[in-house]
K.L.:
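The structure under discussion is supplied below as structure tokens; questions concerning it will follow.
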Amino acid sequence: MIVGTKNIISDIKVVLKKYSIIELVELSYSQFENVDIQCNNLVKHAKNSNIEEIKRELKNTLSENEYIHKVSLAKNNFINIELSIKYFNENLNTEIKQINENKQSIIIDYGGPNIGKALHVGHLRTLNIGRSIYNTNKLAGNKIISDIHLGDWGMPVALILAFIEKNKIDINSVNYLDLESIYPDANNLAKSDEVFYENAKKIAKKLNNGDKLTLNNWRKIYKTSVTEIKKLLKEMGHSFDWFYGESDVVEETKKVIANAKIQKKVVDDSGALVSKEKHEPPIILIKSDGSFLYLTTDLGTIYFREEKQAFNKYLYVVDQRQSNHFKQLFSTVSYFGLSDKEFQHISYGTMNGVDNKPLKTRDGGVYKLTTLRDDIKNELKKKNSEENSLEILTNTILTYSDLIPNRTQNYKFEIDQFTETNGKTGIYIQYAQVRARKILESVPQVSYINFNGDLNEEERNLIFEISKFYYIFFNSLEKHEPHHLAEYAYTLSQVFNTFYTNNKILSEEISNPEREKRVYLVELFYQKILQVFEALGIEPVDKM
RNA sequence: GCUCUCGUAGCUCAAAUGGAUAGAGCAACAGACUUCUAAUCUGUAGGUUAUAGGUUCGAGUCCUAUCGAGAGCGCCA
């Protein structure tokens with residue numbers, strides 16, 4: 001829906017209705033030169049006997065519309081519209097919250113990192129996509145709560161504890177770097193050493209049963225790991241409303257199981273507890289050794305959230321490889337009657353290496369996030385970045401490069417591409433923003449201005465591009481796809497840069513109506529690009 | 001074997017419910033700094049949208065087949 005076009009649509013509808021054409025009328029942006037928006041409705045009525053008459057009448061009616069500067073009907077029946085200055089004067093300052101008629105209450109689950117494992121490049125997508133969806137919803141006036149949903153329970157932790165126990169490591173001396181090497185070692189050991197694996201399973205069970213000594217050890221590991229995770233996330237500009245994990249829902253998970261038993265919706269299958277709902281593979285809730293699975297804990301988490309707050313939508317920002325898991329989870333939620341809310345898996349493609357296979361998380365070759373940050377920072381230092389902006393620019397690259405590709409596709413992770421500072425990059429959009437900011441700092445603010453028709457090509461292009469903001473924002477919001485906004489940040493900056501290089505603003509040659517108009521244009525650009533930054537989770541720099 | 005996702009320029013990616021002439025960036029080539037920051041701007045070149053059919057006014061987008069790539073598949077998360 002293009003903002004401010006309701007009355008154009010209704011004009012078209014009225015004419016079509018006279019000829020008994022009653023249908024949904026829609027407008028879309030056009031790629032043609034000197035055409036802003038187009039209407040495709042008429043194309044399919046080419047064989048209508050009144051087509052010429054309809055076209056004539058449409059042209060007459062639309063020519064009268066004050067939001068339209070020029071209308072033309074193509075031979076193949078596309079309706080091409082050039083918008084009037086009045087349209088822009090009225091539609092560049094609308095508040096997003098006012099346009100959003102369907103306010104929602106949402107919880108967004110980041111399918112969190114696991115404690116004891118280093119954050120690696122594979123974690124980038126969930127963080128970036130999640131934050132963008134979160135911010136976009138906030139801007140739209142929706143209520144949204146983010147929960148990191150930490151992987152802090154079950155087998156992964158049990159493996160770490162078992163490894164510490166087996167090698168008689170002093171748990172009090174273990175720091176986060178130790179943990180990062182312990183997990184892969186323990187994981188490998190479990191594959192070859194059956195006794196060790198059995199031991200780990202026992203520890204997992206002890207955790208679920210609340211064994212005091214095991215819990216104490218778990219707490220130490222938890223604290224060491226979480227402190228480090230929080231520190232890195234903060235440096236990267238990520239924060240969460242809730243920092244709950246699987247360990248917080250142990251009791252709730254048990255309740256879910258108990259209720260399912262009462263409702264007779266589960267059955268014993270060779271020692272394991274399985275849902276009666278038909279699925280392939282079947283849904284196992286409790287393993288034959290008594291411990292819970294991933295899905296079981298997720299059910300507990302939903303129980304926990306339902307108790308805590310009323311949401312009407314659950315979003316899970318998790319890798320597409322888990323789509324089957326979520327299909328089963330959502331199905332079980334409704335089968336068990338846990339919630340009747342809307343559940344959605346916001347899946348994203350894997351980040352692949354040059355071999356086109358997902359970057360693996362285990363053993364030696366893990367590309368840690370901290371390493372990636374350092375690599376980018378070093379690349380930026382070569383370009384003589386302002387020292388103060390280095391952190392923010394690094395984060396910008398880390399976010400922007402990741403949000404540019406469509407989330408639903410896999411994409412190839414290449415370090416060169418990530419550290420690139422030319423072209424369609426975070427650096428480019430920051431630079432445009434800094435240029436605008438610099439201008440605005442040196443002049444007093446211009447209050448609202450009505451444009452007249454006296455706009456040159458670059459000015460007109462900039463205004464038009466700015467007006468697309470609402471369409472793209474809501475497209476991103478509704479589809480949970482940040483890449484539309486990321487792409488827009490680039491095109492908007494590009495149009496601004498062209499305007500900037502070809503039009504002097506503060507020069508003495510430019511006198512007042514002209515100058516004030518251009519300053520106002522810069523203000524409009526700045527205001528919109530900042531909102532896009534906000535929606536993407538990018539902090540603007542002061543200088544560069 | 002079964003299920004799912006994908007295949008667009010040399011490379012990395014766009015293309016809103018099916019719309020007109022498929023767009024960007026990188027790399028390549030040619031230009032623009034005495035002027036609000038050149039981390040910028042302007043231009044050239046680059047395509048049978050994997051292949052073959054089908055649906056229709058109209059297909060990169062929907063359907064079928066083939067080829068190619070990736071992912072998931074009972075007690076890991």
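These numbers come from a predicted model, not from an experiment. In the text below, chain A, chain B and the rest are named by the order of the sequence lines, each starting its count at 1. The figures that follow rest on heavy atoms only: side chains count, while hydrogens, waters and symmetry mates do not.
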K.L.:
Given B:U35, is OP1 or OP2 found less than 4.0 Å from the side-chain N or O atoms of A:Tyr500?
P.N.:
no
K.L.:
Regarding A:Lys265 and A:Glu277, does a basic nitrogen lie under 4.0 Å from an acidic carboxylate oxygen?
P.N.:
no
K.L.:
Where do A:Thr297 and A:Glu246 land on the side-chain hydrogen bond (donor to acceptor under 3.5 Å, both in side chains) test, with the steps shown first?
P.N.:
CA-CA 6 Å; A:Thr297 330; A:Glu246 295 172 334; 4.9 Å; no
K.L.:
Using 30° and 60° as the class limits, which term best fits the ring planes of A:Tyr316 and A:Phe330: parallel, tilted or perpendicular?
P.N.:
tilted
K.L.:
Quick one: which protein N/O atoms are closer than 3.5 Å to N/O atoms of nucleotides 14-16 of chain B? Pair and distance per line, please.
P.N.:
| unit_1 | atom_1 | unit_2 | atom_2 | d |
| --- | --- | --- | --- | --- |
| B:A14 | OP1 | A:Asn406 | N | 2.5 |
| B:A15 | OP1 | A:His483 | NE2 | 2.9 |
| B:A16 | N9 | A:Tyr471 | OH | 3.0 |
| B:A16 | N6 | A:Tyr29 | N | 3.4 |
| B:A16 | N6 | A:Tyr29 | O | 2.9 |
| B:A16 | N3 | A:Tyr471 | OH | 2.4 |

K.L.:
Charged N to carboxylate O under 4.0 angstrom, A:Lys438 versus A:Glu441?
P.N.:
no
K.L.:
What orientation do A:Tyr488 and A:Phe469 show, parallel under 30°, tilted 30 to 60°, or perpendicular over 60°?
P.N.:
tilted
K.L.:
Given the structure, check if the side chain of A:Gln320 and the base of B:U5 hold any donor-acceptor pair shorter than 3.5 Å.
P.N.:
no
K.L.:
Of all heavy-atom pairs between A:Ala535 and A:Ser132, which one has the smallest distance, and what is that distance?
P.N.:
O-OG, 2.9 Å
K.L.:
Can you tell me how the ring of A:Tyr428 sits relative to the ring of A:Tyr490, calling it parallel under 30°, perpendicular over 60° and tilted otherwise?
P.N.:
tilted
K.L.:
Going by purine N1 to pyrimidine N3 plus the second Watson-Crick contact, or the G-U wobble pair, all under 3.5 Å, which nucleotide sits opposite B:A52?
P.N.:
B:U64
K.L.:
Would you call A:Glu514 and A:Lys517 a salt bridge, using N to O less than 4.0 angstrom?
P.N.:
yes
K.L.:
With 3.5 Å as the limit, what N/O pairs link the protein to nucleotides 55-57 of chain B?
P.N.:
none

K.L.:
Which nucleotide, in any strand shown, forms a Watson-Crick or G-U wobble pair with B:A69, with both distances under 3.5 Å?
P.N.:
B:U5
K.L.:
Paired with B:C11: which nucleotide, if any, by Watson-Crick or G-U wobble criteria at under 3.5 Å for both distances?
P.N.:
B:G25
K.L.:
Categorize A:Val434 for me: base, sugar-phosphate, or nothing, with a 4.0 angstrom heavy-atom threshold over every strand shown.
P.N.:
base
K.L.:
How would you label the contact of A:Ala272 with the nucleic acid (heavy atoms, under 4.0 Å): base, sugar-phosphate, or nothing?
P.N.:
base
K.L.:
Paired with B:A32 by Watson-Crick or G-U wobble geometry, both distances under 3.5 Å: which nucleotide is it?
P.N.:
B:U40
K.L.:
Under 3.5 Å, is there an N or O donor on one side and an acceptor on the other linking the side chain of A:Asn80 and the base of B:A20?
P.N.:
yes
K.L.:
Taking CZ from A:Arg321 and P from B:C6, how many angstroms apart are they, rounded to a whole number?
P.N.:
16 Å
K.L.:
Once you apply the 3.5 Å cut-off to both distances, tell me the Watson-Crick or G-U wobble partner of B:A16, or none.
P.N.:
none
K.L.:
Which residue, A:Lys55, A:His45, A:Lys44, forms the side-chain contact (heavy atoms from CB on, under 4.5 Å) with A:Asn77?
P.N.:
A:Lys55
